[in-house]
K.L.:
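Here it is: the structure, laid out below.
What you are looking at is a predicted structure, and each value in this text was computed from that prediction instead of being measured. As a basis for the values below, the full set of heavy atoms in this structure was taken, side chains included, without hydrogen atoms, waters or symmetry mates.
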Amino acid sequence: MSLAVRTAPDPAARGVVPPSPTDTGSEFTPLLKDVKGRGLLERRTGWYVGTIVSNALALAAVITGTALIGGSWWVLALAPVLAVLSARTAFIGHDAGHAQITANRSVSRVIGLIHGNLLLGMSYSWWNQKHNRHHANPNHIDKDPDVAADVLVFTSEQAATRTGFRGWLTRHQAWLFFPLTLLEGLALKVYGFQDLRRQSGRERLVEGALLVAHVVGYTALLLTVMPLGHALVFAALHQALFGLHLGMAFAPNHKGMEMPDPEGDKWGHLRRQVLTSRNIKGGILTDWFLGGLNYQIEHHLFPSMPRPHLRLAQPMVKAHCRELGIPFVETGLVDSYRQALRHMYEVGEPLRVDI
C-alpha cells in the first residue's frame, strides 16, 4: 500500500502537515528574498579564517603535547581533546563542501582536501557527492544515501528483508546505535579508500595521495612520540571518540522525521527540507558542540549560508513556517536522541515479535 508520507513515530510533535499548494516554489521564494535582504547569504570570510587558524593552532598544541608526554600514560588524556578537534576539522570540511567559506570552487576544494583527506583521512570527494545527494532529497528512501539500508535500517520495508546477523542488528539497532558510532572514525577512512575506484584521473591521484599521507603521518607521529602500547590505545580512544562525536552531531537531524513516499513526493523545496529536519535547542555550547548543525532546518534550506548566520535566520524561518501552517520541529538535545532511537526501535519491532 502506498502512502503519501511515511510518518515518524511521534507525529503529534509535528502536528498535521497541510497540503502543499500547486506552485510549491512560491512558498520558498518570499523567505529566500527576506534572507537575502538581510545579507545572511553573504560569506563570513574573516570568521572562517579565524576558525581555521584557531583550529590549526589547537591541533598543533595537542601534537606538541603528545610529543612532550608521549612516554607517559597521561598522554591518553589528550586523545579526547584530539577527538573534539577532529570533529571541528570535519565541520570546516563540511562547510567548505557547501561553499559557505568561499564562492571559489577551487579554494573550497583545497580547504576540503586539507581538512578532510590530509587531516582526517576522510575523502572530501566521497563525502561531498554523498552529502549533496542527501541534501537534495533528505529522508527519501530511494534517493538519500543516509537512509539506505546498511548496518542500520529506517523503514519497516527495509527491516522486513533482514535475516541472520543483519536481522539481529535490526532487532537491537536502537541499543547498538551509539556503540556502533565508535567505529565511524575508521569507517570513514575505509569509505574514502573504497571511493577511489569511482574517481578517475587527477582527482584519484590527489585524493589517494592525501589519504595515504594521512595514514602514514598519523601512524608515524604516534609511533615516534610514544611506545607501541600507548600508541595503540591512544589511536583507539581517539578514533572511537571522534566517531561518537560525529554520530552525536548528525543523529538528531533527520532520524525519526517525515519520510517522503518515493512514489508520491510532491513537496517543494521548503516542505522537503523543513518536514524532514529537526532543530536542536540550546545556547552557545550546543552551537559549538554540534558545529551549527543544530540549525538543521535553516542549513537545509540555505546550504551555502555561513554557519554563524544560521541562528540569525531561524526566527525568520520559524515565522514563515508558522504563517504557512508548516510544522517546525525543535527539541532539546537529549529528547532528539530519544526520538531518533525510538524510531529505530519501532522499525525493528516486527523482527522482535517474530522471535
Side-chain angles (χ1 to χ4, degrees), residues 51-97 109-128 130-131 179-199 203-250 289 291:
T51 298
I52 291 171
V53 170
S54 61
N55 186 70
L57 291 176
L59 286 171
V62 170
I63 292 173
T64 302
T66 60
L68 294 175
I69 61 174
S72 166
W73 283 107
W74 283 107
V75 73
L76 298 183
L78 292 177
V81 179
L82 185 58
V84 171
L85 292 176
S86 295
R88 305 300 103 199
T89 302
F91 293 146
I92 293 172
H94 167 270
D95 292 0
R109 184 167 184 264
V110 169
I111 295 173
L113 288 171
I114 291 174
H115 288 81
N117 295 56
L118 184 61
L119 295 180
L120 297 177
M122 181 179 75
S123 170
Y124 174 72
S125 176
W126 166 78
W127 167 259
N128 225 23
K130 173 179 178 291
H131 195 58
L180 285 172
T181 63
L182 297 174
L183 301 175
E184 186 67 13
L186 293 177
L188 292 173
K189 293 174 173 57
V190 173
Y191 294 148
F193 277 103
Q194 290 177 338
D195 190 63
L196 293 176
R197 293 176 295 184
R198 177 191 62 83
Q199 301 172 23
E203 180 184 47
R204 177 189 292 173
L205 179 63
V206 172
E207 291 256 344
L210 290 174
L211 291 176
V212 171
H214 168 82
V215 173
V216 172
Y218 183 78
T219 303
L221 171 66
L222 296 188
L223 293 180
T224 299
V225 303
M226 61 185 77
L228 178 60
H230 292 51
L232 291 175
V233 177
F234 185 96
L237 190 59
H238 168 221
Q239 296 300 328
L241 293 179
F242 170 51
L244 178 63
H245 190 163
L246 289 184
M248 294 179 71
F250 284 96
F289 180 73

K.L.:
Does a donor on one side chain sit under 3.5 Å from an acceptor on the other, for H238 and Y218?
P.N.:
yes
K.L.:
Which pair of heavy atoms, one from H115 and one from L119, lies closest together, and at what distance?
P.N.:
O-CB, 3.8 Å
K.L.:
Is there a donor in the side chain of S125 and an acceptor in the side chain of R198, or the other way round, less than 3.5 Å apart?
P.N.:
yes
K.L.:
Decide yes or no for L118 and L113: does some side-chain heavy atom of the first lie under 4.5 Å from some side-chain heavy atom of the second?
P.N.:
no
K.L.:
Roughly how far, to the nearest 0.5 Å, is the CG atom of L188 from the CG atom of L183?
P.N.:
11.0 Å
K.L.:
Any heavy-atom pair between the side chains of N55 and I92 that's under 4.5 Å?
P.N.:
yes
K.L.:
Side chain to side chain contact (heavy atoms under 4.5 Å, CB included), that's the test. Do H94 and W127 meet it? Break it down for me.
P.N.:
CA-CA 8 Å; H94 167 270; W127 167 259; 4.1 Å; yes
K.L.:
How close do A90 and L246 get, heavy atom to heavy atom, and via which atoms?
P.N.:
CB-CD2, 4.1 Å
K.L.:
F242 vs L82, test: side chain to side chain contact (heavy atoms under 4.5 Å, CB included). Steps then yes/no.
P.N.:
CA-CA 8 Å; F242 170 51; L82 185 58; over 6 Å; no
K.L.:
Determine whether L76 and H230 make a side-chain contact, defined as any pair of heavy atoms from C-beta on separated by less than 4.5 Å.
P.N.:
no
K.L.:
For a 4.5 angstrom cut-off between non-hydrogen side-chain atoms, does H214 reach K189?
P.N.:
yes
K.L.:
Starting from the C-alpha separation in whole Å, work towards a yes-or-no answer on side chain to side chain contact (heavy atoms under 4.5 Å, CB included) for L210 and Y124.
P.N.:
CA-CA 10 Å; L210 290 174; Y124 174 72; over 6 Å; no
K.L.:
Is there a side-chain contact between L211 and V215, using heavy atoms and a 4.5 Å cut-off?
P.N.:
no
K.L.:
Is there a side chain to side chain contact (heavy atoms under 4.5 Å, CB included) between F250 and T181? Walk through the geometry before answering.
P.N.:
CA-CA 11 Å; F250 284 96; T181 63; over 6 Å; no
K.L.:
Do the side-chain N and O atoms of H245 and R88 include a donor-acceptor pair separated by under 3.5 angstrom?
P.N.:
yes
K.L.:
Measure across A96 and G112 and return the closest heavy-atom pair with its distance rounded to 0.1 Å.
P.N.:
CB-N, 4.1 Å
K.L.:
Can you find a side-chain donor-acceptor pair between S123 and N117 that sits under 3.5 Å?
P.N.:
no
K.L.:
Answer whether the closest heavy-atom distance between the side chains of T51 and F91 falls below 4.5 Å.
P.N.:
no
K.L.:
Do the non-hydrogen side-chain atoms of F289 and M248 ever get within less than 4.5 Å of each other?
P.N.:
yes
K.L.:
Measure centre to centre between the rings of F234 and W74, then say whether the value is under 6.0 Å.
P.N.:
no
